[in-house]
Amino acid sequence: MIRSELVQKIAGENPELTPSEVELIVTTFFDSITGRLSENGRVELRGFGAFSTRPRDARTGRNPRTGEQVAVDAKRVPYFKPGKEMRARLNV
């Protein structure tokens, strides 16, 4: 499912909301998660899962086109751990 499909599904199930209101809700939701993760925080949605970040060390990579060595800086990457209920629903 992509973002526009999510907006359409929510709008379809909530006819009292306009599509622009649903778009604002979805945008606010995702911006809140992203904002919390950028502060090195964690977002937990009970029954769904938890979003967090994990550190990656600096390393030396290679340019696949030229084979030249390239320095890759240390960074944080998003991580998702599914909740117990989600795992149970997926493995019925």
Exercise. For the pair Asn63 (side chain) and Arg65 (backbone), establish whether a donor and an acceptor sit closer than 3.5 Å, ignoring hydrogens and angles.
Key: yes
Quiz item: Are Val77 and Phe80 linked, directly or through other ILVMFWY residues, by side chains that come within less than 4.5 angstrom of each other?
Solution: no
Practice problem: Give, for atom CG of Asp73 and atom CZ of Arg56, the distance between the pair rounded to the nearest 0.5 Å. | Solution: 14.5 Å
Quiz item: Val70 versus Thr60: any side-chain heavy-atom pair under 4.5 Å?
Solution: no
Quiz item: Nearest 0.5 Å, what's the CG-CD distance between Leu90 and Glu85?
Solution: 12.0 Å
Quiz item: If two hydrophobic side chains count as joined below 4.5 Å and joins carry through other members, does Ile2 share a cluster with Val22?
Solution: no
Practice problem: Can you measure from OG (Ser52) to CZ (Arg76) and round to the nearest 0.5 angstrom? | Solution: 10.5 Å
Exercise. Might you point out which heavy atoms bring Leu6 and Val26 nearest each other, and give the distance in Å?
Key: CD2-CG1, 4.2 Å
Quiz item: Is there a path from Val7 to Leu17 through hydrophobic residues (I, L, V, M, F, W, Y) whose side chains come within less than 4.5 Å of each other?
Solution: yes
Practice problem: Step by step, work out the salt bridge (charged side-chain N to carboxylate O under 4.0 Å, His left out) result for Arg3 and Glu5. | Solution: CA-CA 5 Å; Arg3 183 187 182 109; Glu5 292 172 339; over 6 Å; no
Practice problem: Quick one: closest heavy-atom pair of Ala50 and Arg42, and the distance? | Solution: CB-NH2, 3.3 Å
Quiz item: Say you draw a straight line from CG of Asp31 to OG of Ser38; how long is it, rounded to the nearest 0.5 Å?
Solution: 10.5 Å
Self-check item: Between Gln8 and Ser4: side-chain donor-acceptor atoms closer than 3.5 Å
Solution: no
Self-check item: Inter-residue atom distance Phe51.CZ - Arg36.CZ, 0.5 Å rounding
Solution: 14.0 Å
Quiz item: So if you build clusters from Ile, Leu, Val, Met, Phe, Trp, Tyr with side-chain heavy-atom gaps below 4.5 Å, do Leu45 and Ile25 land together?
Solution: yes
Practice problem: Examine Val43 and Phe48 and state if one hydrophobic cluster contains both, with Ile, Leu, Val, Met, Phe, Trp and Tyr joined whenever side-chain heavy atoms are less than 4.5 Å apart. | Solution: yes
Exercise. Verify, without hydrogens or angle tests, whether Thr27 (side chain) and Leu24 (backbone) share a donor-acceptor contact under 3.5 angstrom.
Key: no
Quiz prompt | Spatial distance of atom CZ (Phe29) from atom CD1 (Ile10) [nearest 0.5 Å] | solution = 9.0 Å
